[in-house]
Every structure is written in structure tokens, then in C-alpha cells.
Amino acid sequence: MNWVIEFFSILLDTLDDVVPIAAIIFGFQLFVIRKRIPNLSKVITGFVLVVLGLTFFLLGLEKALFPLGKLMAEQLTAIDPTATEHSFIWVYLFAFAIGASTTIAEPSLIAVALKANQVSGGTISVWGLRIAVALGVAIGISMGAWRIVTGYPIHWFIIAGYVVVVCQTYFAPKMIVPLAYDSGGVTTSTVTVPLVAALGLGLAENIPGRSPMIDGFGLIAFASLFPMISVMAYAQLSAVNAKRAARKSESTRKSQVKP
Amino acid sequence: MKALLQSLAGSLRDLLPIILVIGFFQIVVLQQPLPNVVEILFGTLSVVIGLTLFIQGLELGLFPIGESMAYAFAQKGSVLWLLIFAFCLGFGTTVAEPALIAVAEEASEVAAKGGMIANNIEAMEDYAFGLRMTVAGSVGFAILLGVLRILKGWPIQYLIIGGYIGVIVITMFAPKEIIGIAYDSGGVTTSTITVPLVTALGVGLASSIKGRNPMIDGFGLIAFASLTPMIFVMLYGIFL
């Protein structure tokens, strides 16, 4: 019974999210474009599936995974105040693992990866992009957790990260740059934010000298910065590998020609 | 039937890492048994079904409508209407976002405690509402700017890097309490429904305009939507 009530309350929230979007789309379609939507019934089915899908998705997360994950974040961060930095190793590992695994399940990242794969004609693989982003989020969140523990000011990290992004932009293949910038924004939605926020607030509450209000925020910013770096790095590595492979096949061809 | 089973298996695989991580930390690190195993199993099943339905709906509804509208606007050739649509889409999808409402409330508490506004409910509600409108407006502006970039073919890096330099400069002047919230607000604006729609719109526009490459020009709208709220929220903190 509890589940049914919960289902409808999440369904209402999801509808709150979808109704303005649907109103804008159908309003412009009717009054500005003034053309019938191609495959209207298919599109409506699609919207219904998206709403139902998100509802089931959030219901499951809120009923099963979020409570456990949040409890875990609290338990892991409840370290006694005299602890040395060494005892935070499990916190950093948890930050890394939860960052990576929630990103893999992030629906908006799946959407962007599907589109990128389609547009690039298969050059960018769905899993390659998702793993690159997941690694970026994992590194970002563990570094953000380390920052809360050590208390260094957040803007040092963010500014240093941007400097790296700027440098990489000049060297990375041109095709990847917009996608890399986008992947910063898509990583942080339904799945990642609640768990990561719990981790940040837990850490800031339990470490003396940190204020949850000032230090508890900011993990999300780390999670959106590092994927840009990791996605560009992934593209740079594949470009280098492709070059090396091309050079190798060329040199074998040459050596075959010689005799 | 086979396709359905395949996509269910795919969703399960997407979810497996979270289950493994939580299981490992619960049993090995915290050394506690898993509470409510039945509930967790049902929850996982529900997440798997949800993800499968969402991806089906994506391909049936969100991607096609985003693209078909992009083509229709490109054919119609009215830049003004396209820009109005872009602004409305950004504003409309953000203003009702639950994550944003939550962040705005937290921010108003921070502001009241920090003495930036009067410590009463009315002032806090005003502040939270103003912040929500600021963020929604900034996302509307971001999508508008991003669409204009696709139309004109401006290279994205100058705009984004310029924007980040702006973020850094404004950070120096912003009240300390607002910085963390401002940085986070960039991340909360892009919801699961907005991202596929906006991506399809950008790619659709770039493929229907001559001389634009969908890979280079089509992506990047989300990047604008996560950048502008940081700037606008800090400005809001400075001027209020």
C-alpha cells in the first residue's frame, strides 16, 4: 500500500516536470509551426513511457537504494574527530565507487551517449563515453571529499580544473570539445545528486571546523568539472592510439615493400 | 519479446555497479547485514523497469519531437520564433525543477543565517523565489545563446571559456556563502527530460542548417545551461 501511495506521489512530481515542457512544445507546434506533428501517436506514447519510466526509476531508487546509500554515507563519515587523515581512505574509496557507479546508471547520460554514437556514425562508442564520464565523476567526487576533509578553499580546485580544461581544449580533437563540455552538465541529475549531497553534508557535519552550509555544497561542481577533463582525455588517447596504429601499419607496409 | 528482454538485461547491467558498490561497503567495510532484502529487491526491479521504459520513450518521443521541431523551425526560417522557443524551453523546464526548488530553499536559509537578508519567513521566501526565477531565466538565456551559436556557427570554446573566466572573476566578489550554492546550481538545472530534448534540438538544428556539423555545432547546449546559472546566482548574491 505504501508503495502505491509513493508511486502516485512520484508520478505527480514527474508530471509537474513534464507538463510545462509538453505545454511549450505543443503550444509552439500548434500556434507557431502550425503543422501536424509527424507520428503524433508514437510521440505521445513516448512521453507516456518517459513519465512512467522515470516514476518507476525514482520509486525504486527512493525505496531501496537511496536510504541505504545515504545511511552508508552517514556511517562512513561519522569518524571520531581525532582521527588522522589515514582513516578517511574508505570515505575516498566510497566517494570514488559511488560516483562511478551512479554515473553509469544516469539516464540523461545514456541519452546523450546514444545520440553522440548516432551522430558520430559510431566513432564514439556509447560505453566508451559513459565510462570516461563515470571516471571523471569518480575522480571529481573523491577529490571533492578530500577537499572537505582538508578544508582547502573550493575555488582553488575549480580554477585549477578550468585551467586544465582550457589547455585541453586547444589540443583535443575538435569533434569532442562540445560533447565534453556537455558531459559536465549531464552527469549530475537524478541518481548522482542525492547520494553525493548526502556524502558532502555528512562529511561537513562530522569534521570539526567545517560548516555544512559552506563546505557541504560544491561536490556537484566537482562532479561536473572533471568529466570534461576525462572525456577530452579519452578522445586524446584514442587519437594518439589511432595515429600510432596508422604509423605501425604504414611501417609494416613499407617493410613488406622493401624486399 | 526478445528485444524487451534484451533491453531489460541492458538496464540491469547499467544498475549492477551501484548494487555491487552498496553491497560491498555494507558487508565488507561496515560489516552489517543488508536490511530489508525484499524491499531492496523490489526497488531494484522497479529501477530496472523504469530505466527500460525511459529509454524506449526516449527513442519514441523525446528524440523525434526535438528533431522534428528543429527541422520545422529551420524550414520556417523565423529566427525570432526559434529564439523565443529556445528561451521558453530553458525557462519552462527549469522553473518547476524540484532539485532547484530544494536548492533555493537551502540558499535562503544560508542567506538568512549569514545576515544577508532579514531572518524571517517572508524575506526567505522572497529570496528563494527570486533565486528560482534567476536560475530559470539564466537557463532560458543559455539555451537561447546556444541556439544562436548553432545558427551563426560560432566556435563553442571561446564562449564557454569566456564564461568560465567570468565565473572566476565574479567568484572573487561574491559573498562566501553563495559560492558553493552557485557552483552547484549549474548542476541541478539539467533534468533527465530536458537533456534528451535539448540535445535532439541542437543536433537537429545543426543537421538541417547548411555548413553546420552536428558533432561540432549540435552539442554544447547543456554546457551553456550549466554555466550561466553559476554567473547569475553569484550576481544575485552580490546585488541582494
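Naming: A, B, ... by sequence-line order, numbering from 1 per chain. What you see is a predicted model, and the numbers here were worked out from it, not measured in a lab.
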(request) Scan for side-chain hydrogen bond (donor to acceptor under 3.5 Å, both in side chains) pairs involving residues 25-53 of chain A, sequence neighbours excluded, and state none if there are none. (result) A/Lys35-B/Gln75

(message) Under the criterion side-chain contact (heavy atoms from CB on, under 4.5 Å), I'd like the reasoning laid out for B/Thr171 against A/Ile158: C-alpha separation, chi angles, the key distance, then a yes or no.
(response) CA-CA 11 Å; B/Thr171 302; A/Ile158 302 288; over 6 Å; no

(message) Shorter than 4.5 Å, heavy atoms on both sides: which option in A/Leu58, A/Ile21, A/Asp16, A/Ile124 has the most such pairs with chain B?
(response) A/Ile21

(message) Could you report the tightest heavy-atom contact between A/Ile33 and B/Lys76, atom names first, then the distance?
(response) CA-CD, 4.5 Å

(request) Heavy-atom distances under 4.5 Å only: say whether B/Thr192 touches chain A with side chain, backbone, both or neither. (result) both

(request) Would you check, one step at a time, whether the test side-chain contact (heavy atoms from CB on, under 4.5 Å) holds for A/Val177 with B/Ile216? (result) CA-CA 8 Å; A/Val177 171; B/Ile216 295 177; over 6 Å; no

(request) Would you indicate whether the side-chain heavy atoms of A/Val32 and B/Phe73 approach each other to under 4.5 Å? (result) yes

(request) Could you please spell out the steps behind the salt bridge (charged side-chain N to carboxylate O under 4.0 Å, His left out) verdict for B/Glu59 and A/Lys115? (result) CA-CA 10 Å; B/Glu59 309 267 14; A/Lys115 203 80 215 166; over 6 Å; no

(message) So for atom OH, which belongs to B/Tyr158, do other residues, nucleotides or ligands contribute more than 12 heavy atoms lying within a distance under 6.0 Å?
(response) no

(message) Looking at every non-hydrogen atom in both residues, tell me the closest pair between B/Gly92 and A/Ile24 and how far apart they are.
(response) CA-CD1, 3.8 Å

(message) Tell me the closest heavy-atom pair linking A/Met175 and B/Asn213, and the distance in Å.
(response) SD-ND2, 4.2 Å

Side-chain donor-acceptor pairs of residues 193-205 of chain B under 3.5 Å, sequence neighbours excluded:
{"residue": "B/Thr194", "atom": "OG1", "partner": "B/Ser191", "partner atom": "OG", "Å": "2.8"}
{"residue": "B/Thr199", "atom": "OG1", "partner": "B/Val195", "partner atom": "O", "Å": "2.7"}

(request) Using non-hydrogen atoms and a 4.5 Å limit, figure out which bit of B/Ile161 sits close to chain A: side chain, backbone, both or neither. (result) side chain

(request) Would you please go through residues 218-227 of chain B and name the residues with a non-hydrogen atom below 4.5 Å from one of chain A, in numerical order? (result) B/Phe219, B/Gly220, B/Leu221, B/Ile222, B/Ala223, B/Ser226

In a table with atom names and distances, give each donor-acceptor pair under 3.5 Å that connects a side chain of residues 44-57 of chain B to protein atoms at least two apart or in another chain.
{"residue": "B/Thr44", "atom": "OG1", "partner": "B/Ile40", "partner atom": "O", "Å": "2.7"}
{"residue": "B/Ser46", "atom": "OG", "partner": "A/Phe56", "partner atom": "O", "Å": "2.7"}
{"residue": "B/Thr52", "atom": "OG1", "partner": "B/Ser11", "partner atom": "OG", "Å": "2.8"}
{"residue": "B/Thr52", "atom": "OG1", "partner": "B/Val48", "partner atom": "O", "Å": "2.7"}

(request) Please examine the side chains of A/Leu93 and B/Phe25, heavy atoms only from C-beta on, and report whether any two atoms are closer than 4.5 Å. (result) yes

(message) Return the CG to CG distance between A/Leu114 and B/Leu58, rounded to the nearest 0.5 Å.
(response) 6.5 Å

(request) Side-chain contact test, heavy atoms from C-beta onward, threshold under 4.5 Å: evaluate it for A/Phe47 versus B/Leu62 and give yes or no. (result) yes

(request) Taking the side chain as every heavy atom from C-beta outward, state whether A/Asp17 and B/Thr93 have any pair of such atoms under 4.5 Å apart. (result) no

(message) Apply side-chain contact (heavy atoms from CB on, under 4.5 Å) to residues A/Phe28 and B/Met69 and explain how you reach the verdict.
(response) CA-CA 9 Å; A/Phe28 271 85; B/Met69 290 199 82; 4.0 Å; yes

(message) Heavy-atom cut-off 4.5 Å, strictly under: side chain, backbone, both or neither for B/Met230 against chain A?
(response) side chain

(request) Please state whether the side chain, the backbone, both or neither of A/Asp13 comes within less than 4.5 Å of a heavy atom of chain B. (result) neither

(request) Pick one of side chain, backbone, both or neither for A/Ile176, based on which atoms fall under 4.5 Å of a heavy atom in chain B. (result) neither

(request) Mind checking the OG1-CD1 spacing from A/Thr192 to B/Ile18? Nearest 0.5 Å is all I need. (result) 8.0 Å

(request) Determine the option with the most heavy-atom pairs under 4.5 angstrom with chain A, choosing from B/Leu20, B/Leu41, B/Ile168. (result) B/Ile168

(request) Using non-hydrogen atoms and a 4.5 Å limit, figure out which bit of B/Ile160 sits close to chain A: side chain, backbone, both or neither. (result) side chain

(request) Answer with side chain, backbone, both or neither: which region of B/Asp217 has an atom nearer than 4.5 Å to a non-hydrogen atom of chain A? (result) neither

(message) Taking the side chain as everything from C-beta on, heavy atoms only, tell me whether B/Gln157 gets closer than 4.5 Å to A/Tyr181.
(response) yes

(message) Check this for me: B/Phe42, atom CZ, are more than 12 non-hydrogen atoms of other residues, nucleotides or ligands nearer than 6.0 Å?
(response) no

(message) Assess the residue pair B/Leu60 and A/Val43 against the criterion (side-chain contact (heavy atoms from CB on, under 4.5 Å)); give the C-alpha distance rounded to whole Å, side-chain angles, the decisive distance to 0.1 Å, and a yes or no.
(response) CA-CA 6 Å; B/Leu60 277 178; A/Val43 169; over 6 Å; no

(message) For a 4.5 angstrom cut-off between non-hydrogen side-chain atoms, does A/Thr123 reach B/Met215?
(response) no

(message) Rounded at 0.5 Å granularity, tell me how far CD1 in B/Ile22 sits from OG in A/Ser101.
(response) 7.0 Å

(message) Show the nearest heavy-atom pair for residues B/Pro17 and A/Ile104, with the distance to one decimal.
(response) CG-CG2, 4.2 Å

